[in-house]
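Shown next, in structure tokens, is the structure this report addresses.
FYI, the numbering just counts along the sequence from 1.
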Amino acid sequence: MKKLVFLLLVGLMMASVAEAQYVQKTDLPTIYIETFDGYGITSKDVYKYCRLHYVDEAGLVTSYDSVSIRGRGNSTWNMAKKPYKIKFLNKEKFLGKGYAKAKKWTLLANAGDKTMMRNAVTFAMGEFTSLKFNPAYKFVDMVLNNSYIGTYQISDQIDVRAHRVDITEQNYPLGTDDNITGGYLLEVDGFRDGNYFITSNYSAPVRIHYPEEEEIVERQTIFIKNQVDAFERALLGTSFTDSLKGYRAYVDTLSLIDWYLCTEVSANIDGFYSTYFYKDQNNSRFYWGPLWDYDIAYNNDYRVSREQGLSSSVNSLMVDIAYSGSREWVRRMWDDPWFQKRVYHRFKELLDAGLVSYMHQKVDSMQNLLSQSQQLNYQRWGINTRMYHETVLYSSYEQYVTDLKDFITEHCAFLEQAFYNKKPLEPTPPFVPGDYYYHIVNVKTSKAMEVSGTAVVQFTDNKTRESEDWIIKPVGDYFQIVNRSNELALNDPTMGSVGPEVNVGTHLNVATPDESDSRQLWNLLPQGTDGYYNLENVYSQHVANLEGGRSDDNTAILSYTSDSRNGSSTNRLWRIVANQPLPDTVLGIEAPEPDEYALAYDSQRQWLHFGSASPEALSFPVSVTALNGTRVATFTASEGCSMSGLPNGIYVVTWKTGRNVRSVKFRK
């Protein structure tokens, strides 16, 4: 008995000693990998067995035996700090609830990216858009065979399963009558790895990731190649701009546009060289994503300057300078006026929803998260040592992060103008208010109209300032504009004689709302082709004008001359930008008239549409927004709209008939 107790005590002591050697290197989790043979990983084709110990943020250790590890990547495998792929014996929820249960996971080294966050920031950008499947990003410190090797990022292996690319899995082995219409996970792969085919029209190398090479049969390969070839024929054909006969009949346009915008925002010169897309069962359309491989994006590859003669990619479109692959597809799409308009308008929607500030917040958050770990990493690898094709080398981590944030800001400003220049000119439409708080932004200064006490001034546009939020509500043929912070209405207090050019210069203010007071009623006059408006007061017949055209915060807004310069003077021109959805308590919207029409959602077809005894009356425009205020779709009521490319959740449908604005929430 004493001997048994002694052996138990020895076993517990040995376990505690073993446990004690697995500790966090910094405030991040730490992964310890010990190969069975004690040697390093030298192959990206052959797995070797190892043990893996994961130390979480609380210091708790989880150990896994019989794990396999090998190298991964193409050019990244040739770097000193190498990326790896691990494979567990059984499927594991390695990152916990809400993530995949899978055997295979990647350990990204991010060696060529001194911020080590470009991939993660891009995956987060995908989450901001409509893209459904965005890889995980979990930063850890990594120790291999008792040697610290740096900061790594745990991410998903891009494959088909829940919480990854969640599409229908085909039967294996495949039966004679089994449905082979999907799912398929594909990649335009410039490296031409694995099981791939060459398309018949554009000679694009398309790799089939799923079904896997060991499982796919010839009729599946023939089927999916024919589908891609049909898309290319439609894209190349004379009717390619037709929504039913052209390429749009073969693609989910929402994911296509958002994938393309993420490629341009990130300035990823490899974005077309490696392009993932997929097709689900009984669905004729291709969907775009997931985003993958962005470590040389955001101006982090000096080959842009060497091969393109550019000092930076900040003022370039990737469709013009990036490596080929799917690029020729997108170049052809740019010949389609629909694509030109949709790219611009969708990008404006994302900007208005706060894309740039969102990405800056992600960068700041990751910088804080990596604060300790990056110091240890660069003690090992050197902060100013070129690993790959880095454009610039700095002496501090903070400089690399600042460089990344500055690029995002400047490049998005360039893209907004570049996309505007490429779209067909469209007259500014009459303003139709939705269920939003709006920012009224001066065209000259890009600063927002707000209240200071009862005075109306301009101030730096800030989406979180309630004093810059305005409710715009129809009153007869005009609009009343009410501030969110004090619930007072925009007012023109001009005294004495009035007229378009008489008695101008009074400072605008706010007053207790009164719909019968013409000083509080405004015309929103469309100007030009830029989406700009004049705010013309019904009483004074003056327009809202920035005093002296000054750019300072707290510059007053004046009741000023209304004349032929209304469309050219930027002091008088304003953008009206949706900011946040109005809460139900503010809306006060009547229910739709059931005798006239009804909104319906077909969950099987994922089709949103209106029904009416008089279909010709369904001529009004409809918008669909997510709860964060991002507009995800627009359509005419008579046409309906597919919701298949959108994630599940609650959406707000808004439309206007006559003077009535309608708004309905529904769950997809």
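Contact between H439 and A448 at its shortest, heavy atoms only, is ND1-CB, 4.3 Å. Between E264 and V319, the shortest heavy-atom contact is OE2-N, 3.1 Å. The shortest heavy-atom contact between N268 and D293 is ND2-O, 3.3 Å.
Among the candidates F133, Y276, W288, the single residue satisfying the ring-ring contact (aromatic ring centres under 6.0 Å, His included) test with W259 is W288.
The shortest distance between side-chain heavy atoms of V55 and V23 does not fall below 4.5 Å. Considering only heavy atoms from C-beta on, L404 stays 4.5 Å or farther from Y400 through its side chain.
Look at D469 and R484 and you find a salt bridge, because one of the NZ, NE, NH1 or NH2 atoms lies within 4.0 Å of a carboxylate O, short of that distance. Salt bridge annotation for D37-K48: present, with a cationic side-chain nitrogen under 4.0 angstrom from a carboxylate oxygen. For E169 and R164, the salt-bridge test fails: no basic side-chain N is under 4.0 Å from an acidic carboxylate O. At a threshold of 4.0 Å, the pair D65-R51 counts as salt-bridged, since one of the basic side-chain nitrogens sits closer than that to a carboxylate oxygen.
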Original post:
Given the rule in the salt bridge (Lys or Arg N to Asp or Glu O under 4.0 Å) test, do R118 and E390 qualify, once you have shown the distances and angles that lead to the verdict?
Top reply: CA-CA 13 Å; R118 278 174 165 82; E390 296 96 316; over 6 Å; no

**OP:** Would you sort out whether K25 and Y32 count as a side chain to side chain contact (heavy atoms under 4.5 Å, CB included), showing the intermediate values?
**Re:** CA-CA 10 Å; K25 289 290 185 180; Y32 291 82; 4.1 Å; yes

**OP:** Kindly indicate, with the supporting measurements, whether the criterion ring pair (Phe, Tyr, Trp, His ring centres under 6.0 Å) is fulfilled by Y278 and Y210.
**Re:** CA-CA 9 Å; Y278 56 92; Y210 181 85; over 10 Å; no

**OP:** Just do the salt bridge (Lys or Arg N to Asp or Glu O under 4.0 Å) check on K405 and D364 with the steps written out, would you?
**Re:** CA-CA 9 Å; K405 290 178 67 176; D364 291 341; 2.8 Å; yes

Original post:
Can you check ring pair (Phe, Tyr, Trp, His ring centres under 6.0 Å) on F286 and Y184, steps first, answer last?
Top reply: CA-CA 9 Å; F286 289 110; Y184 293 90; 8.9 Å; no

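Side-chain contact, Y298 with T122: a donor N or O sits under 3.5 Å from an acceptor N or O.
Other residues, nucleotides and ligands contribute more than 12 heavy atoms inside 6.0 Å of the OH atom of Y54. Around the OH atom of Y49, the shell of radius 6.0 Å holds no more than 12 heavy atoms that belong to other residues, nucleotides or ligands.
Between Y294 and F123, the ring center distance fails the sub-6.0 Å criterion.
Rounding to the nearest 0.5 Å places OG1 of T62 at 9.5 Å from CD of E92.
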